[in-house]
Amino acid sequence: MPRIILIETSTSLCSAAIEQDGRIICSRETSEPRAHASKTAVFVKEMLDECGLRVQDCDAVCVSAGPGSYTGLRVGSSTAKGLCFGAGIPLLAAGTLDILVRQALKAGLPEGCTAIVPMVDARRMEVYSAVYSPEGKRLTEVAPCVVGEGSFSAELAAGKVLFIGDGAAKCAPVLNSENAVTVQVNPNAADMAELAEEAFQKSDFQNTAYFEPFYLKEFVATVSKKNLF
């Protein structure tokens, strides 16, 4: 079994973990606002020190690839790439929606569940989402979606649908269906372990120099309305 550093920074929760022999041996997380830049690298160092390891004692680094927060994804990917460059180990990536689906499968699906819909909050009533089978297979393309009346109507008509992610709770009143089960949760580094191992065993390594997170939407900078000078 490989030893892999796991980094998840795609949403408001900043988390990191180390897996070894198929289990999590150390983890850190914080939901402190805008803490990704100051905490991610610190978390990795703390975990390595706690386990008596160096980065080069690990076999790879796996980072959440998005979609999600532009800033969070940038912090996670730059930290992971720096670790890989410095230690000469490969870079792995896991889709944020795939991580949420693994969390759902790990926790157990509601009885009669016919679909899993992970939702990453994209502000207002928009989410980044896709439809997955109860076995965890992605059935539709990952895309931004403005949730309104009639959203996911076909899936809800077919049976119970589990909506999971940090964008799930705000959509519950709009979905307005007895078949909609919502779980408000952030993707977590500890739940990346299986995806990281699968990618490692397949040698599905990313190009460390050119890897870019899956932002899904372009970053738009805004000008502050406050007069700073």
Side-chain angles (χ1 to χ4, degrees), residues 2 4-19 24 27-29 36-37 39-41 43-44 55 58-85 87 89-106 116-123 126-132 136-145 164-167 185-219:
I4 304 175
I5 298 171
L6 310 170
I7 297 173
E8 215 301 320
T9 57
S10 64
T11 66
S12 60
L13 180 72
C14 174
S15 62
I18 298 176
E19 68 154 314
I24 300 298
S27 65
R28 295 285 192 281
E29 66 177 60
H36 297 65
K39 294 291 187 181
T40 306
F43 281 171
V44 173
V55 180
C58 299
D59 297 294
V61 178
C62 184
V63 65
S64 177
S69 159
Y70 182 91
T71 302
L73 291 172
R74 292 294 290 178
V75 170
S77 64
S78 60
T79 302
K81 292 166 77 169
L83 293 168
C84 291
F85 270 125
I89 57 178
L91 175 67
L92 305 169
T96 306
L97 299 184
D98 295 325
I99 298 169
L100 286 168
V101 170
R102 292 302 175 102
Q103 289 180 220
L105 295 173
K106 181 179 178 181
I116 307 170
V117 179
M119 290 179 159
V120 173
D121 190 12
R123 298 186 179 180
E126 188 172 23
V127 295
Y128 301 130
S129 187
V131 178
Y132 288 70
K137 180 181 179 180
R138 184 162 57 82
L139 304 176
T140 65
E141 292 298 317
V142 177
C145 170
I164 182 171
D166 69 335
V185 67
N186 294 87
N188 194 300
D191 293 301
M192 296 169 61
E194 289 184 356
L195 292 167
E197 284 185 13
E198 290 169 9
F200 186 87
Q201 298 300 339
K202 295 176 183 176
S203 298
D204 187 13
F205 304 129
Q206 303 296 315
N207 185 310
T208 306
Y210 296 103
F211 171 77
E212 287 289 334
F214 181 36
Y215 297 117
L216 198 56
K217 292 197 302 185
E218 292 185 4
F219 175 71

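Just so we're clear, the structure is a prediction, and the values are computed from it rather than from any experiment. The residues of the chain are indexed from 1 along the displayed sequence.
- Contact annotation: the side chain of V120 approaches that of D166 to within less than 4.5 Å [non-hydrogen atoms, C-beta and beyond].
- Looking at L97 and Y132, their side chains come closer than 4.5 Å, going by heavy atoms from C-beta outward.
- A80 and V63 make their closest contact through CB-CB, 3.9 Å (heavy atoms, listed as atom of the first residue, atom of the second, distance).
- Here the side chains of V142 and P67 are in contact, with some heavy-atom distance below 4.5 Å.
- Two residues are said to be in side-chain contact when any heavy atoms from C-beta on lie closer than 4.5 Å; I116 and L105 meet this criterion.
- Residues forming a salt bridge (Lys or Arg N to Asp or Glu O under 4.0 Å) with R102 (at least two apart in sequence, or on another chain): E194, E198.
- At least one donor-acceptor pair closer than 3.5 Å links the side chain of H36 to the backbone N or O of T11.
- A side chain to side chain donor-acceptor pair (under 3.5 Å) with S64 holds for exactly one of D98, T96, N188; it is T96.
- To the nearest 0.5 angstrom, S12 atom OG is 4.0 Å from N186 atom CG.
- At least one donor-acceptor pair under 3.5 Å links the side chain of S129 to the backbone N or O of P118.
- In the displayed structure, K81 atom NZ is contacted under 6.0 Å by more than 12 heavy atoms of other residues, nucleotides or ligands.
- A donor-acceptor distance shorter than 3.5 angstrom exists from the side chain of S78 to the backbone of V75, with no hydrogens or angles considered.
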For residues 199-212, dump all side-chain donor-acceptor pairs below 3.5 Å to protein atoms at least two apart in sequence or in another chain.
{"from": "N207", "atom 1": "OD1", "to": "A209", "atom 2": "N", "distance (Å)": "3.0"}
{"from": "N207", "atom 1": "OD1", "to": "Y210", "atom 2": "N", "distance (Å)": "3.1"}
{"from": "E212", "atom 1": "OE1", "to": "R74", "atom 2": "NH1", "distance (Å)": "3.0"}

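- Y128 approaches A122 most closely through the heavy-atom pair CZ-CB, 3.8 Å.
- When all heavy atoms of T9 and C14 are compared, the pair lying nearest together is CG2-SG, 4.1 Å.
- Closest approach of M192 and I99 over heavy atoms only: CG-CD1, 3.5 Å.
- Between E29 and S15, the shortest heavy-atom contact is CB-CB, 3.8 Å.
- Annotation: side chain of C62 is not in contact with side chain of L195 (no heavy-atom distance under 4.5 Å).
- Summarising the geometry, atom OG belonging to S10 is positioned 12.5 Å from atom CZ belonging to F214; distances are rounded to the nearest 0.5 Å.
- Note that OG of S27 and CD of E19 are 12.5 Å apart. Values are rounded to the nearest 0.5 Å.
- Residues I24 and L6 form a side-chain contact, since some pair of their non-hydrogen atoms from C-beta on lies under 4.5 Å apart.
- Residues L83 and I7 meet the side-chain proximity criterion, which asks for heavy atoms closer than 4.5 Å.
- Residue I5 comes nearest to C58 through the heavy atom pair CG1-SG, 3.7 Å, listed as atom of the first residue, atom of the second, then distance.
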